[in-house]
Colleague: 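My questions all concern the structure below.
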Amino acid sequence: LRQAREDKQQENLDRALTRIASASAMERLVGVNSVRSFLVGSDEQKTSAALMTLAGGMVQEEDLPVRAAMLAALQEFQPTTKTKRDLQYALSVLLNGNRNLLGKQLLSSDTRHPYSGLVSHPVDQHLNDLAKASLLLIRKGVANQDFSDLYCSSCDFSQLDLHDSTFENALLMNANFEKANLRSDR
């Protein structure tokens, strides 16, 4: 009976992951909602798969409502000591996704100065969604000190411990650093 229940859960997870990879935005939304149920529970492997799928999906997803659902799922996620490594990896995926998307945008623009006419609105929204998801994980306790080369317009860094963090070449228009620890021992 236990094995049958585990097999059914694995089948449900596989179906959800397949839906997230669908060409249909509606199917991807259904997949995200299904994956949410695997973010809670005692099965570390399924939780890890759900978390990695959401982080990678945020990077790839161009549909705003699907990205919003992924962000909401990450917001609901309550980390445990068992998920710390997976959260660190998910943060890395999100931050690198932001950097890569920004780099592609800069390479495709015809501007001489990287800060003029920087990104189109849909790309701006995608970059900000990746930044929001990254900050969400940081607020949940995931450590990060490298914010270099990020696009993070209107990001809220308030009250974060950013001790010894680097923001080299980061684009932080209207970012909020109120009561953040920006001290450096370097």
Side-chain angles (χ1 to χ4, degrees), residues 20 28-29 31-32 35-36 38-40 47-107 114-115 118-184:
I20 288 177
R28 293 193 306 275
L29 272 172
V32 170
V35 160
R36 280 178 133 140
F38 294 98
L39 290 174
V40 294
T47 300
S48 177
L51 192 56
M52 294 304 111
T53 298
L54 290 172
M58 287 279 305
V59 172
Q60 300 297 320
E61 186 58 57
E62 293 182 8
D63 188 76
L64 185 59
V66 176
R67 249 190 353 259
M70 290 175 170
L71 187 59
L74 288 172
Q75 194 162 12
E76 292 171 2
F77 178 66
Q78 296 302 315
T80 66
T81 54
K82 292 180 179 180
T83 58
K84 188 174 182 175
R85 186 190 74 231
D86 293 330
L87 282 168
Q88 192 68 51
Y89 184 76
L91 178 60
S92 174
V93 167
L94 292 165
L95 292 172
N96 287 327
N98 182 298
R99 290 177 181 117
N100 291 336
L101 184 58
L102 179 60
K104 286 178 188 173
Q105 181 67 24
L106 290 175
L107 287 174
Y115 302 109
L118 186 62
V119 293
S120 65
H121 178 69
V123 174
D124 175 72
Q125 185 63 52
H126 195 167
L127 288 164
N128 277 321
D129 286 347
L130 292 172
K132 282 181 197 172
S134 299
L135 284 170
L136 188 113
L137 294 184
I138 291 166
R139 289 195 182 279
K140 290 181 182 279
V142 183
N144 183 63
Q145 291 182 313
D146 184 10
F147 297 94
S148 60
D149 301 310
L150 289 182
Y151 182 89
C152 204
S153 177
S154 301
C155 283
D156 183 9
F157 292 95
S158 64
Q159 301 181 350
L160 286 175
D161 183 3
L162 302 169
H163 179 251
D164 281 338
S165 293
T166 180
F167 292 90
E168 188 173 337
N169 297 319
L171 302 176
L172 304 168
M173 297 74 65
N174 302 312
N176 178 5
F177 288 93
E178 187 177 341
K179 297 184 182 176
N181 177 4
L182 297 170
R183 189 185 58 215
S184 176

Colleague: Enumerate the residue pairs fulfilling side-chain hydrogen bond (donor to acceptor under 3.5 Å, both in side chains) with a member in residues 88-98, sequence neighbours excluded, ordered by first and then second residue.
Modeller: S92-N96, N96-R99
Colleague: Between P65 and L29, which heavy-atom pair has the shortest distance, and what is it?
Modeller: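 Nearest pair, atom of P65 first, then L29: O-CD2, 3.7 Å.
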Colleague: For L94 versus S134, what's the shortest heavy-atom pair and its separation?
Modeller: CB-OG, 3.4 Å
Colleague: Does any non-hydrogen side-chain atom of F177 lie less than 4.5 Å from one of L160?
Modeller: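 When only atoms from C-beta onward are counted, F177 and L160 do not touch, as no gap falls below 4.5 Å.
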Colleague: Can you measure from CG (L171) to OG (S153) and round to the nearest 0.5 angstrom?
Modeller: 9.0 Å
Colleague: Checking H126 side chain against M58 main chain: does a donor-acceptor pair fall under 3.5 Å?
Modeller: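 Checked: pair present.
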Colleague: Would you list the pairs meeting side-chain hydrogen bond (donor to acceptor under 3.5 Å, both in side chains) in which at least one residue belongs to residues 63-75, sequence neighbours left out?
Modeller: R67-D129
Colleague: When rounded to the nearest 0.5 angstrom, what distance separates CG in N181 from CG in D161?
Modeller: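 The distance works out to 4.5 Å.
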Colleague: How many angstroms lie between OG1 in T47 and CZ in F77, if you round to the nearest 0.5 Å?
Modeller: 6.5 Å
Colleague: For the CD atom of Q145 and the CG atom of L162, what is their distance to the nearest 0.5 Å?
Modeller: 9.0 Å
Colleague: First locate atom CD of Q105, then atom CG of L102, and finally report the distance between them rounded to the nearest 0.5 Å.
Modeller: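 Those atoms lie 8.0 Å apart.
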Colleague: Just wondering, do Q78 and V40 contact through their side chains at under 4.5 Å, heavy atoms?
Modeller: no
Colleague: How about E76: does its CD atom have over 12 heavy atoms from other parts shown lying under 6.0 Å from it?
Modeller: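 For E76, atom CD is crowded (more than 12 foreign heavy atoms under 6.0 Å).
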Colleague: Mind checking whether D124 and Y151 have side chains closer than 4.5 Å, heavy atoms only?
Modeller: yes
Colleague: Can you list every salt bridge (charged side-chain N to carboxylate O under 4.0 Å, His left out) pair that touches residues 130-143, not counting sequence neighbours?
Modeller: R139-D156
Colleague: Filter on disulfide bond (SG atoms under 2.5 Å apart), then keep only pairs touching residues 63-97, sequence neighbours left out; what's left?
Modeller: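 Qualifying pairs: none.
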Colleague: What's the separation between atom CG in L54 and atom CG in L74, rounded to the nearest 0.5 Å?
Modeller: 5.0 Å
Colleague: For A49, what residues pass the side chain to side chain contact (heavy atoms under 4.5 Å, CB included) criterion, not counting sequence neighbours?
Modeller: L13
Colleague: What residues form a side chain to side chain donor-acceptor pair (under 3.5 Å) with S148, not counting sequence neighbours?
Modeller: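 Per chain and number, S148 pairs via side chain to side chain donor-acceptor pair (under 3.5 Å) with D146.
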Colleague: Is the closest side-chain heavy-atom distance between C152 and L135 below 4.5 Å?
Modeller: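 Side chain of C152 against side chain of L135, heavy atoms only: contact under 4.5 Å found.
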Colleague: Under a 4.5 Å cut-off applied to non-hydrogen side-chain atoms, are T80 and T83 in contact?
Modeller: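 When only atoms from C-beta onward are counted, T83 and T80 do touch, with a gap below 4.5 Å.
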